[in-house]
Amino acid sequence: MGKGGKPDGGDGFEEASRDGCEQENMAAWLLGINTLKIQPFKLPNLGPRDVLVRLKAVGICGSDVHHFKNMRCADFVVKEPMVIGHECAGIVEEVGSEVKHLVPGDSVALEPGINCKRCELCKQGRYNLCPKMKFFGSPPTHGCLANQVVHPGDLCFKLPNNVSLEEGAMCEPLSVGVHACRRANVGPETNVLVMGAGPIGLVTLLAARAFEAPRIVVADVNDHRLSVAKALGAHEIVKVSTNIEVSEEVAKIKEAMGTPVDVSFDCAGFNKTMATALSATGSGGKVCLVGMGQRELTLPLTSATAREVDVIGIFRYKNTWPLCLELLRSNKVDVKPLITHRFGFSQKEMEKAFETSAGGGNAIKVMFNL
């Protein structure tokens, strides 16, 4: 289980206890397909390097919806009741004896993954690939849709004065876009295609803008999301469809770009979106697979290989929170328009929030205000 807490014994409705002091801590437990219930969540004792945080803003991610609908996301399978959620920010209530950079009352954004710090990948700085990673809301680790969590202090980042708690929670999805742009070496000479204008496609668009990509084209099947992408700074938008041939889509994208595509981000992760990205990317370019819409992909790699198109992937992120907070502080990135729906933390509102997020429509980022 993760640092954030542990499951209750008995009937699961005992009061939470920490350091001998009785205090109730409630959390959203995923009990089965389409079944969430707010019930008590016991916190572990506060270690010397830990921080007790009262959560104030928690966003719903696509992976949360996958867990809610299917009890799995890709190869991560929920096998027992689990607290859900991983996009979060809150107020420090207590710090361990060795935590010096935070004090009670500080507003913080939490990086949700706890790596082992000892394996070769961690030592190489690629801690996001740590095989022993404990990540909020990724089974079997409990998440953060709770009143309080205990988390390592070095994964809690103080918010600048002009950055809200909701924006702090948005550092998690924004980190995906930032990590993708770093992996693909996006810069002032990189023309970018983004396949998919869902939440991750839109934060990738925002990150590419912050990395000074001179031209960004966004493609999607949904008119509303394309209009949001345009409002957020996409230079051109392209309507695609499951019924349109890849070659036709590529022609529309190339016309909209007006110059070779240097980097394509597939933020949907389906056979067709990846095939379009591979075909639309210019010789010597890169295709970065960000979304995971399908567990396995069948791709037309022969043509891409002949054009020396590099295919790279990303998994979560590493060392992104300081940059994300600086982008928000300096107003180089504005994530506020992405937050389209807000809910309180009650059983009825929680069910409505997940229904809204899973339903798509005009919802982009659904946020809990605790």
Ion pair check, E326 and R329, cut-off under 4.0 Å: yes
C122 and R118 have their tightest heavy-atom pair at CB-N, 4.0 Å
Single hit among M350, K348, K352, E351 for side-chain contact (heavy atoms from CB on, under 4.5 Å) with F343: K352
In the structure I gave you, are the side-chain heavy atoms of E93 and P104 within less than 4.5 Å of one another anywhere? no
Filter on ring pair (Phe, Tyr, Trp, His ring centres under 6.0 Å), then keep only pairs touching residues 67-91, sequence neighbours left out; what's left? F68-F354, H86-F135
Any chance you could lay out the side chain to side chain contact (heavy atoms under 4.5 Å, CB included) test for L55 and V149, step after step, and finish with the verdict? CA-CA 7 Å; L55 280 310; V149 293; 3.5 Å; yes
Side chain to side chain contact (heavy atoms under 4.5 Å, CB included) assessment of V178 paired with F211: CA-CA 9 Å; V178 166; F211 280 60; 4.2 Å; yes
Hey, does the side chain of S279 reach the backbone of A275 with a donor-acceptor pair shorter than 3.5 angstrom? yes
So, for G201 and V194, which heavy atoms are closest and what is the spacing to 0.1 Å? O-CG1, 3.6 Å
Output every pair passing side-chain hydrogen bond (donor to acceptor under 3.5 Å, both in side chains) with a member in residues 185-201, not counting sequence neighbours, ordered by first then second residue. N191-D262
Which atom names give the shortest non-hydrogen contact between A280 and L193, and what distance separates them? CB-CD2, 4.0 Å
Heavy-atom pair of closest approach, residues R182 and N319: NH1-O, 3.0 Å
Joint cluster assignment, V58 & W321, ILVMFWY side-chain distance < 4.5 Å: no
Are the side chain of N147 and the backbone of N25 linked by a donor-acceptor contact shorter than 3.5 Å? no
E308 atom CD, over 12 foreign heavy atoms within 6.0 Å: no
Check D64, V83, L36 against L30 for a side-chain contact (heavy atoms from CB on, under 4.5 Å) and give me the one that passes. L36
Within this structure, what is the CG-CE distance for the pair L121 and M133, rounded to the nearest 0.5 Å? 10.0 Å
Same cluster for V176 and L328 if Ile/Leu/Val/Met/Phe/Trp/Tyr side chains link at under 4.5 Å? yes
Nearest heavy-atom neighbours spanning G168 and A109: O-CB, 3.5 Å
According to a 4.5 Å side-chain heavy-atom criterion applied to Ile, Leu, Val, Met, Phe, Trp and Tyr, with indirect links allowed, do V51 and L159 form part of one hydrophobic cluster? no
If the threshold is 4.0 Å, N to carboxylate O, is there a salt bridge linking K365 and E87? yes
Would K158 and D106 pass as an ion pair if we require N to O under 4.0 Å? yes
When you look at V287 and M274, which way does the side chain to side chain contact (heavy atoms under 4.5 Å, CB included) test go after all the steps? CA-CA 8 Å; V287 174; M274 192 62 176; 3.5 Å; yes
Could you check whether any side-chain N or O of R215 sits under 3.5 Å from a backbone N or O of M257, counting only pairs where one atom can act as donor and the other as acceptor? yes
Under 3.5 Å, side chain of R307 to main-chain N/O of L278, donor-acceptor pair present? yes
Answer yes if the side chains of N271 and T298 hold a donor-acceptor pair under 3.5 Å, and no otherwise. no
Is there a donor-acceptor pair closer than 3.5 Å between any side-chain N or O of W29 and the backbone N or O of P40? yes
Is there a side chain to side chain contact (heavy atoms under 4.5 Å, CB included) between K100 and V95 once you walk through the steps? CA-CA 8 Å; K100 306 301 181 185; V95 301; over 6 Å; no
From E355 CD over to N34 CG, what is the distance, rounded to the nearest 0.5 angstrom? 10.0 Å
When clusters are formed by joining ILVMFWY residues with side-chain heavy atoms under 4.5 Å apart, either directly or through shared neighbours, do F345 and L165 land in the same one? no
Looking at every heavy atom in both C267 and T204, which two are closest together, and how far apart are they? SG-OG1, 3.7 Å
Kindly determine whether H142 and F41 satisfy ring-ring contact (aromatic ring centres under 6.0 Å, His included), including the steps that lead there. CA-CA 10 Å; H142 287 305; F41 180 41; 5.3 Å; yes
Taking NZ, NE, NH1 and NH2 as the nitrogens, is one of them in K272 or D266 under 4.0 Å from a carboxylate oxygen of the other? no
Do D154 and K117 pass the salt bridge (Lys or Arg N to Asp or Glu O under 4.0 Å) test, and can you show the C-alpha distance, the side-chain angles, and the key distance before you say yes or no? CA-CA 12 Å; D154 63 349; K117 304 185 190 312; 3.3 Å; yes
Just by modelled atom types, is the G137 backbone N or O under 3.5 Å from a matching donor or acceptor in the T141 side chain? no
So which pairs with a foot in residues 227-247 pass side-chain hydrogen bond (donor to acceptor under 3.5 Å, both in side chains), sequence neighbours left out? D223-K239
Is the number of heavy atoms from other residues, nucleotides or ligands under 6.0 Å of Q347 CD greater than 12? yes
Would you say N161 has more than 12 foreign heavy atoms packed within less than 6.0 Å of its CG? no
Would you check if there is a donor-acceptor pair between the side chains of Y317 and E172 at a distance under 3.5 Å? yes
So, does T35 use its side chain to make a donor-acceptor pair with the main chain of I33 at under 3.5 Å? yes
Whether T340 side chain and I364 backbone form a donor-acceptor pair below 3.5 Å: yes
Look only at the side chain of R183 and the backbone of G313, and say whether a donor-acceptor pair between them is shorter than 3.5 Å. yes
Are L323 and L338 co-members of a hydrophobic cluster defined by side-chain heavy atoms under 4.5 Å apart? yes
Looking at R342 and E166, does any basic side-chain N land under 4.0 Å from a carboxylate oxygen? yes
Side-chain (Q148) to main-chain (V53) donor-acceptor, under 3.5 angstrom: no
